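A short write-up of the structure that comes next.
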Amino acid sequence: MSIDVDRRFAVVHAALTDELDRQTARLRELTEMSADTGDPGESHNQEALIAATRRSVEQVSGALRRIAEGAYGRCEGCAGAIPAERLEVLPHARFCVPCQQKQVG
Ligand SMILES: [Zn+2]
């Protein structure tokens, strides 16, 4: 399957694809592991890890979808461009810094 990826985002697209593979494999591992742990404390940790990993999978696949749609790198709050430095730190960022701060509260 090939998507027509904006050249500017080809590198980040490749990195996100790797990340998605890694997180998906990890999620599967965690899910399988949690099935056979009898320790309630341990399974609580597992659940937290699974939830966090699932969130990562969603964030990364969301970013890949936005790249495919040509919406990547644009703030969902103000429709402005998200600065490249921010995307370097947080490749799946959906908001610019001011809008992100508004999201949090
Ligand atoms: Zn914004």
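When a ligand or atom number is given, it counts from 1 through the structure's own listing order. Since the structure is predicted, the reported quantities are computational estimates derived from the model, not experimental observations.
In this structure R22 satisfies the side-chain hydrogen bond (donor to acceptor under 3.5 Å, both in side chains) test together with E19, sequence neighbours excluded.
A donor-acceptor distance shorter than 3.5 angstrom exists from the side chain of R66 to the backbone of H92, with no hydrogens or angles considered. With hydrogens and angles ignored, the 3.5 Å screen pairs no side-chain donor or acceptor of R94 with any backbone N or O of G77.
Within the protein, the number of N, O or S atoms lying under 2.8 Å from the Zn ion (ligand 1) is 4.
Between V57 and T24, the shortest heavy-atom distance links the atoms CG2-N, 4.0 Å.
Expressed to the nearest 0.5 Å, how far CG of N45 lies from CG of L30 amounts to 11.0 Å. Rounding to the nearest 0.5 Å places OG1 of T53 at 6.0 Å from CG of L27.
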